[in-house]
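Given the structure is predicted, the values throughout are model-derived calculations rather than measurements.
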Amino acid sequence: MAASVQNQIPDKPALEGLEAKWDAAWRDQGTYLFDRIRAAAAGREGVYSIDTPPPTASGSLHIGHVFSYTHTDIKARFERMRGKTVFYPMGWDDNGLPTERRVQNYYGVRCDPTLPYDADFTPPFEGGDNKSSRAADQLPISRRNFIELCERLTVEDEKQFESLFRQLGLSVDWTQTYRTISDDTIRQSQLAFLRNIERGEAYQALAPTLWDVDFRSAIAQAELEDRDQQAAFHTIEFPFADGSGTIAVDTTRPELLPACIAIVTHPEGPHKHLIGTKVRTPFFDAEIEIHGHHLAQPDKGTGAAMVCTFGDVTDIIWWRELRTTTGESLPNMTTIGLDGRFLPEAPSLVSGADARDWYAESMGGKTVFSARKALVEKLQETGDMTAVGKPFNHAVKFFEKGDRPLEIVSTRQWYIRNGARDAKLRDELIAHGAGLAWHPDFMRVRYENWVGGLTGDWLVSRQRFFGVPIPLWYALDENGERDYERVLTPDAAMLPIDPTTDVPAGYTEAQRGVAGGFDAEADILDTWATSSLTPQLAGGWKRDEELWNLTAPFDLRPQGQDIIRTWLFSTMLRSTLEDDRAPWRNAAISGFIVDPDRKKMSKSKGNVVTPADILASHGSDAVRYWSASSRLGMDAAFDPQNPTQVKIGRRLAIKVLNAAKFVLSFPVPEGAQVTHALDASMLAALDAVIRDATKAYENYDQAKALEITEAFFWTFCDDYLELVKERAYDQTDIGQASAALTLRLALSALLRLLAPVLSFATEEAWSWFEDGSVHTAAWPEPLGFDGDPAVLSAASEALIGIRRAKTEAKASQKTPVARAAIAAPAAKLEALRAAADDLRAVGRIAELEFSEAEAFAVTAIELAPVEPVVGEDN
């Protein structure tokens, strides 16, 4: 046996090439495949299922992906070794706005749904980035041609992603993958949405909508971010309708004066006596009223503000809540179109032919900037604008992936109820979140704050192209207009469908778009409306009920902290609505990767690090070590110029290989038993490490588990190996068999303890003396040897002291010692005497003396005289 082991060990173990070698072996051997038969036999509690984040297939992976996905993989490997059948799928999030933008830039095209399909279409270029290209410079193509390009590019991106994840060593079952735009996915996503409609959870409404004028799409609350933008207060004088004077109003958006429908002030503010008074909009001469509302800020500007439809989200609140003195709702006077330009005709409130003509000529069709400039000049000319303040910065709403501030326009959209206006549903969402085990626990507060702060239902329709079609049609009345009360839905058996090409039951294609016929819903579902179903997509909901029952609710949702409000919340919502339960048992939240200046890495800041070079330069185990060293929820700094933690990880991985080779050089005799106190001491200390590391892994604290294991590994290598190697070499020593067996037992346990992190080095070393994969081997259990850990601790301390004494004497560590004396407290002396023979051997000490003292110390060391070499001059 020993000879065959030796033949498998390379002369110079190295990390290079291990990723390719073992990825191929794992693939060939099916090491990480989900064993359906074994899972079915064990039942749900024998399965550990992971709702893996599907990375967005629109570009390249960055170091943050490596960081967080490694955390998940470590847990997967641990649970697999603990005997669970691990369900570890991978999805690709390939629909939505990021993919569309990448396709536009990559191929130099844009979608124009009015164009016909070109079966022979070739894009103007391929492989470019073209980020600065304006839409006007991009070639318009049909919707079908555009979608084909999206599918082509995402498939190529996904191949690159899988290759990198394999190099990283993710123990994913690559036969369990899904795409968020496949037929199965579209069917399940459409089915879930139709069930939301049936239960009254999804509805359509014409309402003010946050709108991105570049993407030409509605934006949901969860996709918003505030960015500082420069603005200035413009003071406008509004004359009272009775001619008795004016009230000054400050606004940062004077261009919305044609859409001004009211003035608002605080009920207890300086203008409270004017509430109910009628005023007229300067120049445009619309009669409006002054209202009181608690959201008005009496100390901001003049204490009075314009209510316009719509300048910001507060305008929406005022528009909904305010009533005129006669009890009427405020009108909706839209001025800005879906393209971000002012509509050609003035709102109906504007009176006077001159004002309407001026609006059409000077504002109609203009951008917000140009319209503002024209109106400011006009109001200064008429004397209605009395001041323009100094510029200042304030927060403005943006789509998180957009480049221009959002506008608010009135559109008809689809919504899913999310608890914003339903206290019962909100309480259920909070309760399900409370029942979830959060790692770390403080992340729960972010979820609860988000749920408690929702202001509107979830807007799920998007005016885009590459995504899951909303599976609906509308009946057309006798005038060919949509009858929104007659929504036509397909039977579940028809799914998946595209309503722009498929026909509802009872109609023919000839009736599309004609009076008395039907019209297709052209919008798609928000990408989060599909991503919110990742447990269902991966677990076979309504597709493979056996798999669904074996995996749901999932054991783990791993994800970043920045998408708690989007992905985690939306998945929780869909599961609550569909199954009245949380979709998982645990949520593991990773921190951010920050640069050396502690700034979050992002593409917009230009400080993103791509992992390919780091993996190639240092090896995957080194990068996995760096990832594992950070606790969940904690941010980690990464300096690509000096990746200190990565270098430490590489050193550890190399040491694993070298230590394994050294340990395996000592054959274990048949019938060997652990007989020495030092050996039993080390194994007893190892038992404590196994217990503590196991508990840490169970608690999702891979950093603590690694810290405990790594510290002991270095003690094992630097102290125990040195202490016993002379005995292990000496075949005549009665303790040789004990040393060899103890080394082998420790190596086996340590390789398994380190396997979740150093997946390649441990597999390589394991293959030198064991059959099968270390990653499917049983997790180590305490061996239960009756040893005293104090023996190893005391012997290690003594070894350090002896080495130091030799160093101070400027002698080699191999220099023989005639006599050494060690003083120690009584309790430690007993432990030292148990290891005396090994200390004498490793220190080359002829005579070793012990004495009792209050503190440990090497009190004397006498080097043996060096024998002169024959023929050497004295």
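Contact annotation: the side chain of D595 never approaches that of D639 to less than 4.5 Å [non-hydrogen atoms, C-beta and beyond]. The shortest side-chain heavy-atom distance between Y69 and P558 does not fall under the 4.5 Å cut-off. Between L568 and I563 the shortest side-chain heavy-atom distance does not fall below 4.5 Å. Using a 4.5 Å cut-off on side-chain heavy atoms (C-beta onward), W626 and T644 make no contact.
If you check the side chains of E763 and S773, you find a donor sitting under 3.5 Å from an acceptor. There is a side-chain donor-acceptor pair under 3.5 Å between D93 and T180. Checking H676 against S738 by side-chain atom types alone, no donor-acceptor pair falls below 3.5 Å. Inspection of the R844 and T815 side chains reveals no N or O donor paired with an N or O acceptor under 3.5 Å. Defined by atom type and a distance below 3.5 Å, a donor-acceptor pair is missing between the side-chain atoms of E79 and Y697. Looking only at atom types and distance, the side chain of D184 has no donor-acceptor partner in the side chain of S182 under 3.5 Å away. In summary, the side chains of Q167 and S620 do not present any donor paired with an acceptor at a separation below 3.5 Å, with no hydrogens or angles considered. Checking S629 against Q702 by side-chain atom types alone, no donor-acceptor pair falls below 3.5 Å.
Taking the ring centroids of W92 and Y178, they lie at or beyond the 6.0 Å cut-off. No close placement of the Y32 and W174 rings is indicated, their centers lying 6.0 Å or farther apart.
For the residue pair A728 and L743, the shortest heavy atom distance occurs at CB-CD1, 4.2 Å. Closest approach of I50 and A76 over heavy atoms only: CD1-CB, 3.6 Å.
Counting only residues at least two apart or in different chains, side-chain hydrogen bond (donor to acceptor under 3.5 Å, both in side chains) contacts with residues 36-55 comprise R36-D544, R36-E546, R38-T85, R44-S49, R44-D555, E45-R585, Y48-Y700, S49-D555, D51-T534, D51-R557, D51-W584.
Using a cut-off of 4.0 Å between Lys/Arg side-chain N and Asp/Glu carboxylate O, E698 and R691 are scored as not salt-bridged. Using a cut-off of 4.0 Å between Lys/Arg side-chain N and Asp/Glu carboxylate O, R803 and E722 are scored as salt-bridged. Using a cut-off of 4.0 Å between Lys/Arg side-chain N and Asp/Glu carboxylate O, E162 and K159 are scored as not salt-bridged. Using a 4.0 Å cut-off between a side-chain N of Lys or Arg and a carboxylate O of Asp or Glu, R727 and D838 qualify as a salt bridge. Salt bridge R840/D837: present, at least one basic N to carboxylate O contact under 4.0 Å.
Checked against salt bridge (charged side-chain N to carboxylate O under 4.0 Å, His left out), R804 has no partners two or more places apart in sequence or in another chain. Not counting sequence neighbours, the partners of W766 by the ring-ring contact (aromatic ring centres under 6.0 Å, His included) test are F769. Contacts of R543 classified as salt bridge (charged side-chain N to carboxylate O under 4.0 Å, His left out), with partners at least two apart in sequence or in another chain: none. Taking H775 as the reference, W26 meet the ring-ring contact (aromatic ring centres under 6.0 Å, His included) condition, with sequence neighbours excluded.
Using cut-offs of 30° and 60° on the angle between ring planes, the pair F716 and Y720 is parallel.
Counted within 6.0 Å of NZ on K704, heavy atoms from surrounding residues, nucleotides or ligands total 12 or fewer; the atom is thus considered open. With a 6.0 Å radius and a threshold of 12 heavy atoms from other residues, nucleotides or ligands, D441 has its CG atom above the threshold. Within a 6.0 Å sphere centred on CG of N642, heavy atoms belonging to other residues, nucleotides or ligands number more than 12. When the shell of 6.0 Å around NZ of K695 is examined, it contains 12 or fewer heavy atoms from other residues, nucleotides or ligands.
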Show me the side-chain donor-acceptor pairs of residues 791-800 shorter than 3.5 Å, one per line, residues at least two apart or across chains.
{"from": "S796", "atom 1": "OG", "to": "D719", "atom 2": "OD2", "distance (Å)": "3.2"}
{"from": "S796", "atom 1": "OG", "to": "L792", "atom 2": "O", "distance (Å)": "2.8"}
{"from": "E797", "atom 1": "OE1", "to": "K828", "atom 2": "NZ", "distance (Å)": "2.7"}

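In this structure, the side chain of S759 does not engage the main chain of P756 through any donor-acceptor pair within 3.5 Å. In terms of modelled atom types and a separation under 3.5 Å, the side chain of T715 and the main chain of A711 share a donor-acceptor contact. Here the side chain of S681 pairs no donor or acceptor atom with the backbone of A677 at under 3.5 angstrom.
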